[in-house]
Structure formats: C-alpha cells, structure tokens
Amino acid sequence: MELVEERPYRYRIERRGPMRVPGVVFASRDLLADAEQSLEQVANVATLPGIVGASYAMPDIHWGYGFPIGGVAATDLDDGGVVSPGGVGFDISCGVRLLAADADRRTVEPALPAIMDGLDRSIPRGAGPGGVWRMTGPGQLERILRGGSRYAVDEGYGEQRDLTRCEDGGAVADADVEQVSPRARERGLGQVGSLGSANHFLEVQQVAGVSDERVAAAFGLSVGQVCVMIHCGSRGLGHQICTDHVRAMGDAMSRYGITVPDRQLACTPVDSPQGRDYLGAMAAAANYGRANRQLLSHAARRVFEKAAGVGLSLVYDVSHNLAKIETHTVTGSRRRLCVHRKGATRAFPPGHPDLPEDLREFGQPVLIPGTMGTASYVLAGVPGGDAFFSTCHGAGRVMSRHRAARAVTGRELRARLEADGIAVRPKSWRGLAEEAPEAYKDVSEVVAASEAAGLCRSVARLVPLGVVKG
DNA sequence: ATGTTC
C-alpha cells in the first residue's frame with residue numbers, strides 16, 4: 001500500500017478503483033510498521049456510499065472486523081450515506097470513565113491494600129455472566145437501554161453531576177428497544193455492572209504529570225492526585241446486537257444496489273429500515289455501556305468511602321466505539337453526517353455546544369486507557385481538529401494473545417508489576433498474561449503522534465497504583 | 001470484544 005506523506009504524521013492513500021475518497025492516516029512510519037492489512041481496510045472503507053472527506057485512521061490503527069480499529073468514517077445522510085455495524089465494532093459503546101479522588105497518593109497509600117481487596121470483592125469481571133446489579137423486574141433492562149446512566153443515577157447509583165460529565169448527558173435519546181433481540185437481552189440481563197475481560201480494566205491511578213496546567217485544573221486534576229479509570233463496554237448485549245444487525249444488513253444490502261469489497265463492511269443507508277433499526281439498537285447498547293460504567297463507578301465509590309473515607313467525582317465518560325449523527329462543516333456547507341468512530345475517540349474542540357458548560361472553553365476531555373502496568377492519558381479536543389474531531393483511543397496490540405501467554409505466565413507478570421509497586425487483582429492468570437505490556441504498542445508514542453498530527457492536546461499522564469482485571 | 005466456533 002503506497003502512502004504519500006502530506007506532512008509529518010499525516011499520510012494519504014490515493015483514490016483508486018472503487019474508492020470514493022482518499023484514505024488519510026495520522027501516524028508515524030514506526031507506528032505503521034506492520035499495518036499493511038489495516039491500511040487495506042482503510043482503502044476498503046473509502047468505497048462506502050456517501051462517505052465524505054476521507055477514510056481516516058488514527059495512530060493506533062490495527063486490523064479489525066471490516067473497518068480497521070482506529071478508523072473514522074463519516075457518511076452524508078442527505079447523499080445516500082450508509083451506516084455499517086463494522087464501523088462501530090462488536091463492543092458497541094466500549095469506552096472509558098475517569099473519576100478523580102479528593103485525595104492524593106500519600107493520603108490514600110495506607111488504605112491502598114484495603115481498597116484493592118475491596119475492589120477485588122466488589123468488581124464483577126471475566127467472561128460470562130455476573131454484574132453488580134441484579135435485575136428486579138422484566139422492565140428494568142428496557143429502562144437501562146432507554147435511560148443509560150441517567151436511569152442508574154435515578155435509582156440511586158450516582159449523583160446528578162455524573163450526568164453532566166457523561167457524553168450525551170448519560171443517555172442517547174433515540175434507543176429503539178424493539179431492535180434488541182431476545183437473545184441480546186438475555187445475554188445483557190445478567191451482566192449489568194461488570195468489566196468483562198481482555199483489555200478491559202478498572203485501575204487505581206495517580207496523576208504522574210501534567211502537561212497543560214490550565215486545562216488539567218479545569219478537569220479537576222493535579223499532580224499526585226489519585227484517580228480511578230474504568231474501561232469497559234456493553235458485554236454480550238452489544239456483541240449480539242452487532243451480530244444480529246450485520247446479518248440483517250448483509251441480507252438487505254443488494255436491495256439498495258450496494259456492493260462492498262469485504263462482506264464485513266455490510267451496510268445500508270442510514271435512512272433505510274435496516275439502517276434505522278441498527279442505529280436504534282446501537283443506541284440501546286450505548287446506554288447499556290454507560291449504565292455499566294455508572295454502576296461500576298458506584299461500586300468503586302463505596303469501596304473508597306469505606307476503606308479510606310475518600311470521595312470520587314466524575315471527570316468524564318466517553319465512548320470510543322460508536323456511530324453518531326453529527327453536524328459538521330464539509331467544504332463550506334453544514335451537513336448531517338453519520339460519524340463512525342471505531343477505536344477512535346470523539347474530541348470536540350473548545351467552544352463546542354455539546355460540551356458541559358464548565359468545560360466548554362477547554363475542549364472535550366479525551367480518556368486514553370494505557371496497557372496494563374504502563375501509563376494512561378488525559379487529552380483534550382483542539383480547534384480545527386481533523387477527522388470530524390476525533391483522535392486515538394489506546395495502544396493497540398502487536399503480539400497475539402497466544403504469543404503473549406507463551407512469553408510470560410500470569411504469576412510472573414503479577415510479581416513483576418507488584419515489584420514495581422503496582423497491586424494486581426486478576427480473575428484469571430491466563431487473562432493477565434495475555435495483557436502483558438510487551439504485547440502492546442507504546443501508548444505514549446500513540447499519544448505523541450496524535451498530538452503532533454493536530455488531533456488533540458496532551459493534558460495529563462496517569463500511572464497505575466492498582467489493577468483490577470478479568 | 002465475545003457464554004473466545006451456529
């Protein structure tokens with residue numbers, strides 16, 4: 001795949017064959033070392049009906065289902081633009097939430113073992129069922145699917161302020177519960193308030209460094225401060241919704257005269273029954289994901305309160321796997337677009353009307369979960385942000401799960417992390433080994449490339465004190 | 001990511 005360097009950290013894949021737009025990849029040559037297959041996916045996405053601007057990829061691009069992970073594609077609703085479940089991925093509304101403690105590391109440190117043991121007991125995780133919330137009636141799941149974090153807060157699992165600091169105020173309005181199949185509901189029923197497995201985690205962190213004092217202060221972050229980061233998604237429910245709707249769209253696509261170079265790019269117009277059905281189901285999964293993170297926050301708050309008398313306030317909650325209907329200026333005119341972000345984080349610029357009032361002048365907080373045992377980052381949206389105001393979402397794997405598990409045992413890894421002063425509470429040794437830091441790219445390189453490409457600005461760097469994993 | 005292959 002030939003890349004034309006337009007400027008440092010910005011490469012173009014020229015239009016050819018059925019591509020409707022070029023590809024644009026924000027990265028360094030180093031980060032693209034093994035990206036051949038995923039660059040092919042960037043080119044494939046450029047063929048989608050109604051795509052505007054370019055098929056974009058973030059510095060943490062890697063191979064995904066149909067779309068690359070780290071892909072951003074926007075389609076024009078008024079020009080036959082399509083929606084594709086592959087542009088969101090299986091873990092619909094996977095995202096990150098950051099809570100800031102009203103205490104610094106020195107204050108919290110004596111209570112840290114008790115906090116970690118408390119989290120170990122109260123954070124459900126790993127594959128399969130289990131969640132902090134036991135459903136009390138048949139209508140409760142539907143209320144979660146419609147109300148997201150808002151419903152969890154209304155039921156007493158949080159505070160009103162949590163909602164103003166959550167993307168979309170805690171709930172997407174247009175969830176269509178009817179489009180969530182019985183099987184998806186069944187899978188989701190017993191998993192509300194659970195981390196899941198693989199790269200999902202809950203970490204106790206401390207702010208190790210601040211690169212923008214003014215913005216960090218506005219976000220409520222200062223050096224030494226203790227934080228809790230939660231990275232999880234919509235579990236089996238989102239996975240089942242993706243499966244169901246990829247199938248439905250694959251069957252219907254030919255009726256709209258759409259052909260795609262990869263069947264995993266199944267799509268139909270946003271303004272079609274299948275497109276509307278998917279977006280309605282996807283919104284329900286988005287709300288499930290937010291409620292999931294809200295309930296885990298509540299569980300973490302109880303542990304911190306009991307073990308250390310420390311409170312946690314929400315900095316922000318943002319998803320990196322979602323398609324959203326947004327209005328953007330494209331070649332001078334305002335257009336309604338369906339913006340797919342798959343392993344890419346929305347990063348609204350300072351002054352954007354959808355940001356919480358008290359953060360508006362600083363840009364949207366962007367939360368980047370790092371690899372276990374390494375750093376995580378807080379970034380902010382910048383003016384003129386390319387790729388429809390999007391940036392990276394994390395590190396990205398370089399080693400298969402199998403290879404990682406052969407390279408190190410879970411017990412060895414825990415010993416190594418604990419020697420570095422990081423407490424580890426795994427549910428499975430195998431799962432821990434698969435998440436070894438050496439199996440991932442260096443997240444700091446990804447963040448540096450994103451900033452250098454003009455997609456965001458760096459605000460703070462966080463390092464783990466304790467890791468809770470599936 | 002995922003009751004890790006309907």
Side-chain angles (χ1 to χ4, degrees), chain A residues 38 41 60-71 84-97 124-131 135 141 180-202 230-248 250-251 263-264 266 278 281-282 284-286 288-290 292-293 296 319-323 340-345 369 371-372 393-406 410 426-435 439-440 469-470:
Chain A
S38 42
Q41 294 188 314
D60 46 337
I61 179 175
H62 54 286
W63 187 85
Y65 178 89
F67 282 58
I69 294 162
S84 173
V88 172
F90 277 94
D91 195 5
I92 299 169
S93 191
C94 180
V96 186
R97 163 178 290 231
R125 57 201 192 274
M135 295 290 152
L141 182 67
V180 180
S181 67
R183 198 167 175 188
R185 294 182 201 207
E186 196 181 306
R187 291 180 68 175
L189 205 56
Q191 300 184 323
V192 193
S194 65
L195 279 182
S197 52
N199 65 346
H200 289 162
F201 65 72
L202 182 149
I230 298 170
H231 177 205
C232 65
S234 53
R235 305 291 330 271
L237 179 124
H239 195 278
Q240 190 64 47
I241 286 173
C242 183
T243 302
D244 293 342
H245 288 262
V246 165
R247 187 172 299 142
D251 293 345
R263 58 181 298 184
Q264 298 183 343
Y278 171 69
M282 184 211 70
Y288 184 98
R290 280 105 187 248
N292 195 17
R293 292 191 285 274
L296 291 169
S319 170
H320 47 231
N321 284 358
L322 220 50
H340 302 73
R341 295 187 183 88
K342 179 190 193 178
T345 315
T371 306
M372 178 176 57
H393 90 301
R397 219 167 231 293
V398 289
M399 200 187 285
S400 70
R401 301 195 163 280
H402 188 69
R403 222 181 111 206
R406 268 188 315 178
K427 179 153 182 209
S428 114
W429 292 116
R430 165 87 193 191
L432 195 70
E434 290 177 350
E435 293 302 310
Y440 283 86
K469 278 195 82 75

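Letters A, B, ... mirror the listed sequences (proteins, then strands); counts begin at 1. If you're wondering where the values come from, they're calculated on a predicted model, not measured in any experiment.
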Subject >> Polar side chain donor-acceptor pair, A/D60 to A/H393, under 3.5 angstrom >> reply: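 Their side chains do contain a donor-acceptor pair, which is all the 3.5 Å distance test asks for.
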Original post:
Among B/dA1, B/dT4, B/dC6, which nucleotide sits nearest the side chain of A/R183?
Top reply: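 From the listed options, B/dC6 comes nearest.
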Value in whole Å for how far the [atom2] atom of [N] lies from [atom1] of [X]:
| X | N | atom1 | atom2 | answer |
| --- | --- | --- | --- | --- |
| A/R125 | B/dA1 | CZ | P | 16 Å |
| A/R401 | B/dT2 | CZ | C1' | 11 Å |
| A/R293 | B/dA1 | CZ | P | 14 Å |
| A/D91 | B/dT2 | CG | P | 6 Å |
| A/E434 | B/dT4 | CD | P | 14 Å |
| A/N199 | B/dT4 | CG | P | 18 Å |
| A/F201 | B/dA1 | CZ | P | 11 Å |
| A/E435 | B/dT4 | CD | P | 17 Å |

Original post:
Does the side chain of A/M372 reach to within under 4.5 Å of the side chain of A/Y440, using non-hydrogen atoms?
Top reply: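 Counting from C-beta outward, A/M372 and A/Y440 never come under 4.5 Å.
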Look at all strands and tell whether [X] reaches a base, only sugar-phosphate, or nothing, counting heavy atoms closer than 4.0 Å.
| X | answer |
| --- | --- |
| A/G233 | nothing |
| A/R397 | nothing |
| A/Q191 | sugar-phosphate |

**OP:** For A/A127 and for A/H200, locate the closest nucleotide of DNA chain B by heavy-atom distance; then report the residue assigned to the nucleotide nearer the 5' terminus.
**Re:**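 Its nucleotide being nearer the 5' end, the pick is A/H200.
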**OP:** Evaluate side chain to side chain contact (heavy atoms under 4.5 Å, CB included) for A/Y65 paired with A/K342, printing each intermediate quantity in order.
**Re:** CA-CA 10 Å; A/Y65 178 89; A/K342 179 190 193 178; 4.0 Å; yes
Tell me whether the OP1 or OP2 atom of [N] has a side-chain N or O from [X] closer than 4.0 Å.
| X | N | answer |
| --- | --- | --- |
| A/R235 | B/dT2 | yes |
| A/S197 | B/dA1 | no |
| A/R430 | B/dT4 | no |

**OP:** Would you please name every residue forming a salt bridge (charged side-chain N to carboxylate O under 4.0 Å, His left out) with A/R406, sequence neighbours left out?
**Re:**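 Salt bridge (charged side-chain N to carboxylate O under 4.0 Å, His left out) list for A/R406, sorted by chain: empty.
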Subject >> Non-neighbouring partners of A/R235 that pass salt bridge (charged side-chain N to carboxylate O under 4.0 Å, His left out), sequence neighbours left out >> reply: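 Counting only residues at least two positions away or on another chain, A/R235 forms no salt bridge (charged side-chain N to carboxylate O under 4.0 Å, His left out).
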